[in-house]
Amino acid sequence: MMVLKDKYELGIAAGKKAGELIRNTINEAGQANIILATGTSQFQTLEQLIKEDIDWSKVVMFHLDEYIGLPVTHPASFRKYLKERFLEKVPALKAYYLINGEADAEAERLRLNAIIQQHPIDVALAGVGENGHLAFNDPPADFETEDPYLVVNLDEQCRMQQMGEGWFASLEEVPAQAISMSVKQIMKSTHIICSVPDGRKAQAVKDSIEQPVNPVYPASILQLHASCSYYLDQSSAALLSVTSQ
């Protein structure tokens with residue numbers, strides 16, 4: 001765990017570590033399969049990652065989640081987010097697989113499941129929601145399902161967070177369902193970098209790190225991962241006990 005001064009220092013540190021892990025994987029295996037997260041928590045981490053010296057032609061990218069039924073033109077679309085904040089700012093990747101929330105959800109889920117099962121994930125970037133969610137696995141999260149991608153229902157706290165961050169004008173506009181990477185699939189990643197800035201995430205961070213592993217605290221499952229690094233700022237780490245820091 002690293003506690004940085006603010007979200008900017010957090011993003012630099014997390015982005016540099018991600019770059020190092022991706023480079024090392026390419027050097028060892030000739031290719032790196034990665035997962036990118038979205039949302040406001042990832043702005044600074046992605047800004048640093050695109051500055052890293054990486055041979056992107058040897059990288060295959062997946063992402064964590066996408067709303068069902070939301071057009072790619074909508075400001076809250078995670079496909080739009082990744083195209084504008086990542087894909088258009090780095091050289092061409094070997095491949096990338098975006099979740100199409102406008103397609104038939106079950107068909108899209110099965111399509112992605114088949115692809116990602118052929119690409120064991122080396123480096124995953126993730127965040128933690130205000131309700132402790134990991135990807136869009138809201139509490140109580142499903143820790144058991146093996147399918148890589150799931151259709152999930154979004155709880156009200158999750159939807160309120162999306163509105164509060166400015167992605168939607170009202171709660172009614174926030175979709176009620178999404179296609180989300182499963183907890184089991186995230187945990188299969190060789191390395192996980194979890195970037196969590198902002199004081200509104202402080203309780204979720206405390207629960208994820210200090211509570212027993214429990215589906216009520218979805219991100220608590222990361223305690224069981226062999227190589228998961230938290231990157232926090234002083235605000236998001238504010239409620240942690242001294243021994244945790």
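All residue numbers refer to positions in the sequence shown, counting from 1.
Counting only N and O atoms by type, the side chains of T145 and D147 include no donor and acceptor under 3.5 Å apart.
Distance alone, capped at 3.5 Å, is enough to place a donor-acceptor pair between the R109 side chain and the Y149 backbone. For S189 (side chain) and I192 (main-chain N/O), no donor-acceptor pair under 3.5 Å exists by modelled atom type.
By the side chain to side chain contact (heavy atoms under 4.5 Å, CB included) test, L171 pairs with E156, R159, M160, M163, sequence neighbours left out.
Between Y67 and F136, the gap from one ring centroid to the other is short of 6.0 Å. Taking the centre of each ring, W167 and F78 stay at or above the 6.0 Å mark. Taking the six-membered ring where the residue is Trp, the centroids of Y81 and H63 are separated by 6.0 Å or more.
The environment of F43 atom CZ is dense: over 12 non-hydrogen atoms of other residues, nucleotides or ligands sit within 6.0 angstrom. Summarising the local packing, CZ of F143 is surrounded by more than 12 heavy atoms from other residues, nucleotides or ligands at distances under 6.0 Å. For K7, the NZ atom counts as loosely surrounded, since its 6.0 Å shell holds 12 or fewer non-hydrogen atoms of other residues, nucleotides or ligands. Counting heavy-atom neighbours within 6.0 Å of K188 NZ, excluding the residue itself, gives a total above 12.
Considering CG of N153 and CG of L150, their distance stands at 11.0 Å, rounded to 0.5 Å.
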- Query: Would D207 and Q203 satisfy side-chain hydrogen bond (donor to acceptor under 3.5 Å, both in side chains), going step by step from the backbone distance to the final call?
  - Reply: CA-CA 6 Å; D207 291 341; Q203 186 63 52; 3.0 Å; yes

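Among residue pairs with one or both ends in residues 36-52, those qualifying as salt bridge (charged side-chain N to carboxylate O under 4.0 Å, His left out) are R23-E52; sequence neighbours excluded.
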